[in-house]
Amino acid sequence: MRQIDHFLSGGASFAPKRTSDVFNPSTGQVQAQVALGDQAVLDAAVANAQAVQPKWAAMNPQRRARVMFKFKELIEKNMQSLAEMLAAEHGKVVDDAKGDIQRGLEVVEFCAGIPHALKGEYSQGAGPGIDVYSMRQALGVGAGITPFNFPAMIPLWMAAPAIAVGNTFILKPSERDPSVPNRLAELFLEAGAPEGVLQVVHGDKEMVDAILDHPGIAAVSFVGSSDIAQYVYSRGVASGKRVQAMGGAKNHAIVMPDADLDQTVNDIMGAAYGSAGERCMALPVAVPVGEETAERLREKLIAAIDKLKVGISTDPEAQYGPVVTAIHKQKIENWIQTGVDEGAELVVDGRGFSLQGYEEGFFVGPSLFDHVTTDMSAYKEEIFGPVLQIVRAKDFEEALELPTRHQYGNGVAIFTRNGHAAREFAQRVQVGMVGINVPIPVPVSYHSFGGWKRSAFGDHNQYGMEGIRFWTKTKLVTQRWPDGGAGDSAFIIPTMG
Ligand code: NAD
């Protein structure tokens with residue numbers, strides 16, 4: 001059985017006391033075992049990271065940018081093999097895996113411009129002979145804890161800006177798909193980074209707790225489910241760290257009566273069922289406005305679902321693959337049952353889906369609910385599977401209220417031809433990322449990613465300038481160069497007047 005070890009500076013190795021199975025979701029078979037690390041592993045990683053950090057931070061930013069540039073080239077060169085590795089552990093289809101890598105790559109690309117992004121501000125002549133300037137300095141050692149659903153993109157959201165600004169970084173990826181993070185760390189070394197700048201430790205709650213409590217780690221970035229995000233945020237902050245913690249989601253697609261319905265259905269299909277619904281920016285709730293829109297939308301969705309192809313992750317024809325584990329499959333199917341029990345109409349039932357030759361794979365067929373209401377727990381909670389729920393709204397105001405009042409506020413989309421309605425919606429909705437005729441509005445790498453409400457805890461969003469701010473502290477220098485005149489030695493509280 002293949003063993004997946006931590007990726008530590010100098011290739012240091014620890015005999016694992018515990019391991020976790022890594023499955024191939026398409027076949028349902030265990031394909032590897034990943035080490036679950038403990039305090040000793042983390043202590044070694046932190047010591048390595050601390051040893052190299054001052055040197056890395058002192059390197060001029062253009063040289064760090066060159067490493068980023070080379071890293072980007074290596075990821076591009078290895079795109080196919082990385083995508084296959086990712087698909088084999090996650091279950092998403094290979095093309096989708098390439099998208100996962102590409103979105104992470106774009107953050108690396110942004111970080112290749114780090115000298116510009118790191119520039120401070122300067123005020124000349126803020127007082128007599130006084131100039132004021134700010135600089136951004138690295139925090140020291142940073143850590144990232146990431147979910148299973150984007151094993152390339154999310155580690156790169158965190159690691160690239162953290163490292164580009166001069167920190168060293170320890171990544172604790174999901175134990176369900178740990179190979180791509182290790183491979184990325186290998187490529188980063190190949191790109192010319194000194195050993196210890198990027199290390200990977202594997203593990204579960206034990207390792208997460210060790211990270212949150214470790215005095216040698218200055219900041220933690222987390223992405224995962226909301227209860228754990230809140231826990232990570234509270235515990236990390238209690239131990240004096242800077243913490244950003246992104247959580248779960250339940251994103252709505254508002255469909256106005258004037259929307260281009262064929263285009264909208266196409267977009268919703270990709271956003272609801274793509275990657276088996278295992279995306280924090282998926283659209284698992286469709287909100288048609290008005291009964292007529294609801295009827296037309298429902299009919300078109302049923303027809304589109306009928307044509308949807310589910311297959312193994314290497315099937316080039318498949319639109320989505322299996323979900324990540326048997327446990328997750330069971331959880332999704334339980335939610336479908338809960339929806340039925342709560343009185344929603346199950347229009348298409350994806351339970352019991354089986355693929356010939358892959359009967360042990362973790363497949364869930366596409367499911368569609370209609371007449372879902374806001375009091376149902378299946379509506380309130382995140383399902384994170386290929387399950388689309390239609391919640392009918394009588395008018396625009398009622399549609400706007402749904403995402404606004406929901407406990408999550410990650411993303412939302414409105415489909416309309418009416419500019420005024422779109423503008424009004426974008427202004428008033430209580431959600432962090434809004435798409436107007438765009439189903440999955442994941443911000444480009446030079447903006448920043450972050451939800452509202454229970455979708456994010458802490459300040460500062462991921463990547464872009466918010467990422468730079470999260471991974472640096474600002475130092476402000478007020479300087480005066482006395483000219484030797486009479487006022488130079490006055491012991492007064494300085495004012496700028
Ligand atoms: P998860 O919360 O189970 O795991 C995330 C990380 O936390 C993993 O590294 C895991 O090892 C660790 N972990 C698990 N249990 C823990 C515990 N009890 N204590 C401490 N650490 C623990 O999430 P997941 O299932 O891997 O990923 C799916 C979730 O992530 C969904 O809720 C999804 O919406 C969310 N997500 C959010 C975003 C976002 O940016 N808001 C992006 C992607 C995924």
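Just so you know, ligand 1 is whichever comes first in the structure, and atom 1 is the first atom listed for that ligand. All values below were derived from every heavy atom in this structure, side-chain atoms included, with hydrogens, water molecules and symmetry-related copies excluded.
- Under the 4.5 Å side-chain criterion, counting only non-hydrogen atoms from C-beta, P147 is not in contact with S174.
- Atom numbering of ligand 1 starts at 1 in the shown order; those under 4.0 Å from a heavy atom of E175 are 10 (C), 11 (O).
- Environment of CG in D43: crowded, with over 12 heavy atoms of neighbouring residues, nucleotides or ligands closer than 6.0 Å.
- The aromatic ring centroids of Y379 and H252 lie less than 6.0 Å from each other.
- At a 4.0 Å heavy-atom cut-off, ligand 1 touches R176 through the side chain alone.
- Ranking the protein heavy atoms by distance from atom 7 (O) of ligand 1 puts F222 CE1, 3.4 Å first.
- Atoms of ligand 1 lying under 4.0 Å from at least one heavy atom of M246, given by number and element, are 39 (C), 40 (O), 41 (N).
- Of all atoms in ligand 1, numbered sequentially from 1 with element shown, those under 4.0 Å from a heavy atom of N149 are 43 (C), 44 (C).
- Neither the backbone nor the side chain of D209 has any atom closer than 4.0 Å to an atom of ligand 1 (non-hydrogen atoms only).
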Check the pair T373 / D375 against side-chain hydrogen bond (donor to acceptor under 3.5 Å, both in side chains), numbers first and verdict last.
CA-CA 6 Å; T373 53; D375 54 331; 2.5 Å; yes
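- Of all protein heavy atoms, the one lying nearest to atom 16 (C) of ligand 1 is I228 CD1, 3.4 Å.
- Contact annotation for atom 4 (O) of ligand 1: protein absent (non-hydrogen atoms, distance under 4.0 Å).
- The CD atom of E195 sits 8.5 Å away from the CG atom of N48 when rounded to the nearest 0.5 Å.
- Looking only at protein heavy atoms, the nearest one to atom 26 (O) of ligand 1 is F148 N, 3.0 Å.
- Applying the 6.0 Å contact sphere to CD of E186 captures more than 12 heavy atoms from other residues, nucleotides or ligands.
- Considering K17, K205, R18 in turn, K17 is the only one that fulfils the salt bridge (charged side-chain N to carboxylate O under 4.0 Å, His left out) rule with D38.
- For ligand 1 and V208, the ligand atoms under 4.0 Å from any heavy atom of the residue are 20 (C), 21 (N).
- Annotation: cation-pi pair K92/F150 present, NZ/CZ under 6.0 Å from the ring centroid and within 45° of its normal.
- Counting the atoms of ligand 1 from 1 in the order shown, those under 4.0 Å from a heavy atom of I154 are 42 (C), 43 (C).
- Of the heavy atoms in F384, only side-chain atoms (C-beta onward) come closer than 4.0 Å to ligand 1.
- The only member of R176, Q33, Q29, Q31 that meets side-chain hydrogen bond (donor to acceptor under 3.5 Å, both in side chains) when paired with D21 is Q33.
- The protein non-hydrogen atom at the shortest distance from atom 18 (N) of ligand 1 is K205 CD, 3.7 Å.
- One option in G247, G432, G248, G203 has a heavy atom closer to atom 37 (C) of ligand 1 than any other, and that option is G247.
- Classification of the Y463-F449 ring pair by plane angle, with boundaries at 30° and 60°, yields tilted.
- Contacts of V232 with ligand 1, taken as heavy-atom pairs under 4.0 Å, are absent altogether.
- Residue V223 has at least one heavy-atom neighbour below 4.0 Å for each of these atoms of ligand 1: 5 (C), 36 (N), 37 (C), 38 (C), 39 (C), 40 (O), 42 (C), 43 (C), 44 (C).
- For atom 35 (C) of ligand 1, the choice among P147, G224, C280 with the nearest heavy atom turns out to be G224.
- The shortest N or O to N or O distance between S225 and ligand 1 is below 3.5 Å.
- Taking the six-membered ring where the residue is Trp, the centroids of F71 and F188 are separated by under 6.0 Å.
- Among protein heavy atoms, the minimum distance from atom 8 (C) of ligand 1 is reached at T146 O, 3.3 Å.
- Residue M433 comes nearest to P443 through the heavy atom pair SD-CD, 3.4 Å, listed as atom of the first residue, atom of the second, then distance.
- Shown here is Y358, whose OH atom has no more than 12 heavy atoms of other residues, nucleotides or ligands within 6.0 Å.
- The heavy atom nearest to atom 31 (C) of ligand 1, out of those in R279, H202, E382, is found in E382.
- Of the protein's heavy atoms, F449 CE2, 3.0 Å lies nearest to atom 40 (O) of ligand 1.
- Here's the thing with Y231: none of its N/O atoms is less than 3.5 angstrom from an N/O atom of ligand 1.
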